[in-house]
**Q** 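Take a look at this one; I'll ask things after.
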Amino acid sequence: MPDPSDIAAYDPVRALAERFAAAVRAAFPQVDAGFDPLITATKNPALGDFQSNAAMPLGKRFGMSPRDAATKIIGQLDLAGLAEPVTASSIAGPGFINIRLRGDTLAALLTAIDTPGLGIAPPAAPRTVVVDLCGVNIAKEMHVGHLRATVIGDALARTLERLGHRVIRQNHVGDWGLPIAMVTAKLDAETRAGRIDTGTLDLPTLTRLYRSAQAECARDLRGLEAVRRFGLGPKAEAELGEQVAGAEAAMARAKDTLLRLQAGDPATVAVWRRIYDVTMTACLAVCARLHARVRAEDSAGESSYAAELEPMVADLVRRGIAEESDGALVIRLDELGIDVPCLIRKADGGYLYATTDMAAVRRRVQNLGAARVIYAVGSTQLLHLRQVFAASAKAGYATPPGAAAPASLEHAAFGSVLGDDGRPFKTRSGDNVRLEDLLDEAVERAGRVVAEKNPGHSPQERREIAEAVGIAAIKYTDLSTDRIKDYVFRFDRMLAFEGNTGPYLLYALVRTRSIFRKGGERGIGGGWRSAPLRIEHPAEKALALALLRYPGVVKSVGDSLEPHRLCQYAYDLAGAFSTFFDACPVLQAPDDATRDARLRLCDLTARVLADALGVLGLPTLERM
RNA sequence: GUCCCGGUAGCUCAGUUGGACAGAGCAGCGGUCUUCUAAAUCGCAGGUCAGUGGUUCGAAUCCACUCCGGGACGCCA
C-alpha cells in the first residue's frame, strides 16, 4: 500500500499531475517545468477515473499527431502504486490518456483524509476576510430581499472560516439618513401624543409608522406641480396645496430630527436607539432561526460611519480625488473604465450611500485588516459597487497600510427571488413578503409531509424535524443555483423530498447515521474505526472518488464565491452513497472485515456530508 | 440611447482553466422493498446548447454581430 505522504496528500489529481509532468519532461525535454498535464476526472466511468489531455497541446507544438505524443508520454510514465498500468489501449479519441486508480490507492487516499479536518488543511497564510451580509434596514421587517443576502453571505463566511481564514461578518444596517429621521420624528410625536408606548413597541408597529411617515413627507409634490402646469383650477390647487403644506411641514420636522441626531441630542438619540433595538432584536432572531450566524456584534450600521464622512470627503477633496460638478462632489472613474462618475456629496451638502460605502471600505481594509472584502449584495447594485470599489481604489482606501497590493473587493452578486408570475416576489397587495411568514409556511408544510411520511414521531419530534426540513429547504433552494440568476420561489418544489433539494440531503445524512444506531442495537462495537478501508465494489469506488473531491470543492467555493458548487457536490455525494448503500450490504456484509471497512466508509461519508451541510449553513438531523 | 446580467430536454437547473456521443432532478413509461430509513435505487424516452459568422485539431464554453428576457444608468438608499 502506498504511503499517503508520497502521493501529494489526498488529492489524486495532484498525484497524477506530478507523475505525468515527470513523464512529459522525460519524453519532451524542451517543455518548461511549469507544463500542466491537464488531469481531469473522466465524465464516463466506463472509460476510467481520470484522464490527461496533455498530448493534444504537445502534439500541436511538436508537429506530431496527438496520439503519437500520447504514446511518447506513456513510454515514460510510471504510475506504480497509484493506478492500473497505462498501455496503448489507454489512449483514446484524439489523444486522451485514460487512467484507472487502484483500489488500494483509493483506500490509502481516503485514509489520509479520514481526519478531523477531512483533508482540508489550514492555509499557509490565513487571511482576514470581511463578509458584508444581511443588510437590514431599521424600522422595517426582514423580507425576501434579505433572504439571499443573509443566506449566501453566511454560507460564504462559513466556507472561508472552514478554510481557516479569519472572517469578520459585517451587517451594514440601514439605520441612518432622512428616511430614518422621518420615523424617528414620527415615533417621537406619537409617543408624546400618548398614542404609542415605547416600552411595548414592536416591529410591526414600527413598520406601520415608517410607512405613514414616508407617506406624509412625500405627499404629492409632483401632483401639485402638474396641477399648476396644466391649470386644473384653484380648487384642485388649493386641495393639493394643503396636502403639500403638510408634507413640507413633516419634511421640515424630519430634517430637524436628522440634525439633532447628527448633533447627538440625547432625547432624539434615545428615540432612535429604541427603533434600532426593537428592529435588531427581531432581525437577529430571524437570522438565528435561519441558522445564519449574524449577531449583534456583527452590526456596523450606516450610523457608525456618519462622523467619518465629512473628514473623509475633505481628505478626498484635498488630495484632488474628488471634484465639483454642478455643485455636487464626484469622483471620476473614466481611467478605470467606468464612464459614470461616483457621486459622493449632493449639491445641498448631503452625503449618499456611495459615501458611506467608501467609508466602509476604508474601515474594513485599514482598520479591520481585510485582505478580501466580500459583498453579498443583489445584482441591482452591480454598477454602484463597481463605482465604490473603483473610487476606493483611486482614493487608496483599498490598500492596507504598508501593503504592496490592494485588498480584493468582490461583489458576490445575486439575482432576485421571483413569484410564480415571474415578477419580483410580492404579496397580492404588492407588499414585500415577510421573511418570517415565509419560514412559517415552509415549516408548516414540512410538518405535514413529515407527519405523512413518518407518522411515528412524537409531536415534539415532528416540530423539530419540520423546523429543520423547512429551513433547509428554503436555504438550499437559495444556495443551489448559480447565484447571479433569478429564481422562482415555489414551496412545492423546494420541499419535494426527491431530487436536488435540502430535504433529500437531510435524509441522505440521516441514512448514513442510522446505520450506526442499528449497528449498536446489534452489538457491533467501535472496532471498525481502526479497520483498514477496502475499496473493491464499483459503488465503493465511486463513493471514494466523490469523498476525495471534498477538499478541492470547498477550496473552489472559497475562490469563486459560488456555494452552488458545494450544493452540487453534496448532492453528488448523497447519490454516490445511496447507490453504495443499495448495492453493498453493510451490517450484513459477507465477513467482518468487509463490514468494518464499509462502516468506516459510511462514517467518513456521514462526516463529509455533515461538514458540507454545515459549511452551507443548513441544519441537520439525527432522524427523520 | 449606453452599459451590465441571463437564454442549455416539456418544466427546474448543472456543465470546472475550450476536450470524448451535452448531464442531473421533476413530470412520463418500466423494474427493484420478508433484508441497514423505498423521502431510495436501476433502466427507457426526451436537446438545431436562442441565431449567424469567426478563432481552434476540438466550442455550450473564447471573439463579433443579431434576436428575446431582466436590470442599472451623478444629487433616494
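Throughout, protein chains are lettered first and strands after them, A, B, ... in sequence-line order, and every chain is numbered starting at 1.
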**Q** Rounded to whole Å, how long is the line connecting atom CZ of A/F581 with atom C1' of B/U37?
**A**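 For the pair A/F581 CZ and B/U37 C1', the rounded distance is 7 Å.
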
**Q** Determine whether A/H411 and A/L382 make a side-chain contact, defined as any pair of heavy atoms from C-beta on separated by less than 4.5 Å.
**A**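 Counting from C-beta outward, A/H411 and A/L382 do come under 4.5 Å.
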
**Q** Centroid separation under 6.0 Å, is that true for the rings of A/H564 and A/Y569?
**A** no

**Q** Could you tell me whether A/D559 and A/K555 make a salt bridge, using a distance below 4.0 angstrom between a side-chain N and a carboxylate O?
**A** yes

**Q** Is the phosphate of B/G15, meaning OP1 or OP2, less than 4.0 Å from a side-chain N or O of A/K43?
**A** no

**Q** I want to check one thing: is the phosphate of B/C57, taken as OP1 and OP2, less than 4.0 Å away from some side-chain N or O of A/K60?
**A** yes

**Q** What integer number of Å spans the P atoms of B/U56 and B/G51?
**A**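 B/U56 and B/G51 have their P atoms separated by 23 Å.
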
**Q** Hey, does A/D326 reach any base, or is it just sugar-phosphate, or nothing, if we go heavy atoms under 4.0 Å?
**A**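 Base contact.
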
**Q** For a quick check of understanding: with a heavy-atom distance under 4.0 Å over all strands, which category does A/N44 fall into, base, sugar-phosphate or nothing?
**A**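 Base contact - A/N44 has a heavy atom under 4.0 Å of at least one base atom.
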
**Q** Please tell me if A/K518 has a side-chain N or O lying less than 4.0 Å from either OP1 or OP2 of B/U35.
**A**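 No.
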
**Q** Distance criterion of 3.5 Å, no angle test: do you see the side chain of A/N98 paired donor-to-acceptor with the base of B/A20?
**A** yes

**Q** By the 4.0 Å heavy-atom rule, please label A/P66 as base, sugar-phosphate, or nothing.
**A**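 The answer is nothing, as A/P66 stays clear of every strand by at least 4.0 Å.
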
**Q** Would you mind reading off the distance between A/L505 atom CG and B/G25 atom P, rounded to a whole angstrom?
**A**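 Rounding to the nearest Å, CG of A/L505 and P of B/G25 are 14 Å apart.
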
**Q** For the backbone of A/P37 and the side chain of A/S52, can you confirm whether one donor and one acceptor N or O come within less than 3.5 Å of each other?
**A** yes

**Q** Tell me what A/S480 touches on the nucleic acid: a base, only sugar-phosphate, or nothing, going by heavy atoms under 4.0 Å.
**A** nothing

**Q** In plain terms, say whether A/K541 and A/D49 are close enough for a salt bridge, that is, a side-chain N and a carboxylate O under 4.0 Å apart.
**A** yes

**Q** Salt-bridged, A/R534 to A/E540, with N to O below 4.0 Å?
**A** no

**Q** Classify the nucleic acid contact of A/L382 as base, sugar-phosphate or nothing, counting any heavy atom under 4.0 Å across all strands shown.
**A** sugar-phosphate

**Q** Counting side-chain heavy atoms from C-beta on, which of B/U2, B/C36, B/U37 comes nearest to A/Q588?
**A**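 Of B/U2, B/C36, B/U37, B/C36 is nearest to the side chain of A/Q588.
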
**Q** Touch check for A/L587, heavy atoms < 4.0 angstrom, all strands: base, sugar-phosphate only, or nothing?
**A**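 It contacts base atoms.
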
**Q** Using a 4.0 Å heavy-atom cut-off, does A/C567 contact any base of the nucleic acid, only the sugar-phosphate backbone, or nothing at all?
**A** nothing

**Q** Taking CG from A/L479 and P from B/A14, how many angstroms apart are they, rounded to a whole number?
**A** 13 Å

**Q** Looking at A/E444 and A/R448, is any side-chain nitrogen of the basic one under 4.0 Å from a carboxylate oxygen of the acidic one?
**A**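 Salt bridge present between A/R448 and A/E444.
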
**Q** Considering heavy-atom distances to RNA chain B, does A/L38 or A/H384 have its closest nucleotide positioned more toward the 5' end?
**A** A/L38

**Q** Compare the aromatic ring of A/Y507 with the six-membered base ring of B/U37 and state whether they stack according to the 5.5 Å and 30° rule.
**A**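 Aromatic stack with B/U37 absent for A/Y507.
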
**Q** Using a cut-off of 4.0 Å on non-hydrogen atoms, how would the nucleic acid contact of A/T380 be classed: base, sugar-phosphate, or nothing?
**A** sugar-phosphate

**Q** What is the separation between atom CD1 on A/I97 and atom C1' on B/G19, rounded to the nearest whole Å?
**A**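 So the CD1-C1' distance, A/I97 to B/G19, works out to 13 Å.
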
**Q** In plain terms, say whether A/R600 and A/D603 are close enough for a salt bridge, that is, a side-chain N and a carboxylate O under 4.0 Å apart.
**A**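 Here A/R600 does not pair with A/D603 in a salt bridge, since their nearest N and O are not under 4.0 Å apart.
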
**Q** To the nearest Å, give me how far apart CZ (A/R513) and C1' (B/U37) are.
**A**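 Rounded to the whole Å, the gap is 14 Å.
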
**Q** Under 4.0 Å, counting only non-hydrogen atoms across every strand here, what does A/D492 touch: a base, just sugar-phosphate, or nothing?
**A**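 Contact class for A/D492: none.
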
**Q** Considering only the P atoms, how many Å lie between B/C26 and B/C44, rounded to the nearest integer?
**A** 15 Å

**Q** If a pair means Watson-Crick or G-U wobble with both distances below 3.5 Å, what does RNA chain B look like in dot-bracket form, with | marking bases paired to a different strand?
**A** (((((((..((((.....[...)))).(((((.......))))).....(((((..]....))))))))))))....

**Q** Looking at A/K485, I'd like to know whether one of its side-chain N or O atoms comes within less than 4.0 Å of OP1 or OP2 on B/A14.
**A**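 For A/K485, the contact criterion (side-chain N or O under 4.0 Å from OP1 or OP2 of B/A14) is met.
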
**Q** If you look at every strand shown and take non-hydrogen atoms under 4.0 Å, does A/L506 touch a base, only sugar-phosphate, or nothing?
**A** nothing

**Q** Rounded to whole angstrom units, what separation is found between the CD atom of A/Q381 and the C1' atom of B/C5?
**A** 14 Å

**Q** Quick one: do A/R423 and A/D421 make a salt bridge, cutoff under 4.0 Å?
**A**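 Here A/R423 does not pair with A/D421 in a salt bridge, since their nearest N and O are not under 4.0 Å apart.
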
**Q** Heavy atoms under 4.0 Å, any strand shown: does A/R565 hit a base, just sugar-phosphate, or nothing?
**A** nothing

**Q** Provide the distance between the two C1' atoms, one in B/C21 and one in B/U55, to the nearest whole Å.
**A** 24 Å

**Q** Give A/S325 one of three labels, base, sugar-phosphate or nothing, depending on what nucleic acid heavy atoms sit under 4.0 Å from its own.
**A** base

**Q** Taking atom P in both B/G43 and B/G23, what distance in whole Å separates the two?
**A** 14 Å

**Q** Identify whether any heavy atom of A/R490 sits under 4.0 Å from a base atom; if not, whether one sits that close to sugar-phosphate; answer base, sugar-phosphate or nothing.
**A**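 Contact class for A/R490: none.
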
**Q** Assign A/P503 to base, sugar-phosphate, or nothing according to its heavy-atom contacts below 4.0 angstrom with the strands shown.
**A** nothing

**Q** So if I apply the side-chain contact (heavy atoms from CB on, under 4.5 Å) rule between A/H172 and each of A/V136, A/T356, A/V377, which one comes out positive?
**A** A/T356

